[in-house]
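Input: a single structure, listed below in structure tokens.
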Amino acid sequence: LIAAKLKNVDKIITVGAAYREDFWNPPFSYRVHALHGDQDNVITLERAQETFEVIQKKGVQGDFHILKGLDHTLNGEAREKIYQLILSGE
């Protein structure tokens, strides 16, 4: 995971992703904000949630945000959530 090698990363925002356990190795100096659509048919919501829970058990701090009606694309709501997360101190 490239973020682990960068010094000034304090958050990672993912959209429509599943999480490979072998990519996430402590220490973690950043939070992960996962955005996932409940209509995603490429990576199901259930798969994304399950794999996010696995990396949380490894020590990743963060939040899982479900976007109603979103499939495996970005829409205005997703973009707005990304902007909010970028500008927030979370």
Side-chain angles (χ1 to χ4, degrees):
L1 190 64
I2 191 76
K5 297 181 184 341
L6 300 174
K7 296 183 188 295
N8 295 320
V9 172
D10 62 354
K11 69 180 87 174
I12 297 172
I13 301 169
T14 64
V15 181
Y19 305 89
R20 287 185 45 179
E21 182 178 1
D22 58 324
F23 280 14
W24 302 85
N25 299 304
F28 304 106
S29 60
Y30 46 81
R31 292 183 60 79
V32 177
H33 297 280
L35 281 65
H36 209 92
D38 67 349
Q39 300 300 308
D40 192 330
N41 61 359
V42 176
I43 298 173
T44 65
L45 176 61
E46 294 78 19
R47 175 76 179 139
Q49 287 175 310
E50 289 170 2
T51 57
F52 190 76
E53 288 172 7
V54 168
I55 66 168
Q56 282 185 309
K57 288 178 184 170
K58 289 185 78 171
V60 169
Q61 298 294 311
D63 304 295
F64 194 93
H65 307 271
I66 299 171
L67 300 175
K68 302 278 186 218
L70 186 68
D71 56 14
H72 198 73
T73 60
L74 287 177
N75 63 10
E77 180 186 3
R79 285 186 190 92
E80 181 61 31
K81 186 67 177 174
I82 292 168
Y83 295 141
Q84 290 172 1
L85 289 168
I86 289 169
L87 297 175
S88 76
E90 298 178 24

Which residues satisfy the ring-ring contact (aromatic ring centres under 6.0 Å, His included) test with Phe52, sequence neighbours excluded?
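In terms of ring-ring contact (aromatic ring centres under 6.0 Å, His included), with neighbours along the sequence ignored, Phe52 is linked to Tyr19, Phe64.
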Under a 3.5 Å distance rule, please check whether Thr44 uses its side chain to pair with a backbone N or O of Asn41 as donor and acceptor.
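No, the answer is negative, given that no donor and acceptor are paired below the 3.5 Å cut-off.
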Under the side-chain contact (heavy atoms from CB on, under 4.5 Å) test, residues paired with Val15 that sit two or more places apart
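Residues passing side-chain contact (heavy atoms from CB on, under 4.5 Å) with Val15: Leu35, Leu74, Ile82.
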With sequence neighbours left out, write down each residue that passes side-chain contact (heavy atoms from CB on, under 4.5 Å) with Thr73, or none if nothing qualifies.
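Residues passing side-chain contact (heavy atoms from CB on, under 4.5 Å) with Thr73: Leu70, Asp71.
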So which heavy atom on Ala48 is nearest to which on Ala17, and how close?
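Ala48 and Ala17 have their closest heavy atoms at CB-O, 3.3 Å.
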If you look at every heavy atom in Val9 and Tyr30, which pair is closest and at what distance?
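Looking at all heavy atoms of both residues, the closest pair is O-CB, 3.9 Å.
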Show every ring-ring contact (aromatic ring centres under 6.0 Å, His included) that has at least one partner inside residues 68-89, sequence neighbours left out.
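Checked against ring-ring contact (aromatic ring centres under 6.0 Å, His included) - neighbours excluded - no pair reaches residues 68-89.
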Kindly work out whether a path of hydrophobic side-chain contacts (I/L/V/M/F/W/Y, heavy atoms less than 4.5 Å apart) joins Leu85 to Val60.
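Looking at the clustering, Val60 is in a separate group from Leu85.
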Got Ile13 and Lys81 here, is their nearest side-chain heavy-atom distance under 4.5 Å?
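A side-chain contact under 4.5 Å is absent here.
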Who else is in the cluster with Val42 when I, L, V, M, F, W and Y are joined by side-chain contacts under 4.5 Å?
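Members alongside Val42: Ile43.
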Roughly how far, to the nearest 0.5 Å, is OG1 of Thr51 from CH2 of Trp24?
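Here the rounded value is 10.0 Å.
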Just how far is it from atom CD of Gln39 to atom CG of Leu67, taken to the nearest 0.5 Å?
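One gets 11.5 Å once the value is rounded to the nearest 0.5 Å.
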Pairs where residues 15-40 contributes a residue and the test salt bridge (Lys or Arg N to Asp or Glu O under 4.0 Å) is met, not counting sequence neighbours:
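Found Arg20-Asp22, Arg31-Asp63.
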Listing request: all salt bridge (Lys or Arg N to Asp or Glu O under 4.0 Å) pairs with a residue in residues 46-59, at least two apart in sequence or in separate chains.
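Sorted pair list comes back empty.
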Can you tell me if CD on Gln61 sees more than 12 non-hydrogen neighbours from other groups inside 6.0 Å?
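Open: at most 12 neighbouring heavy atoms sit under 6.0 Å from CD of Gln61.
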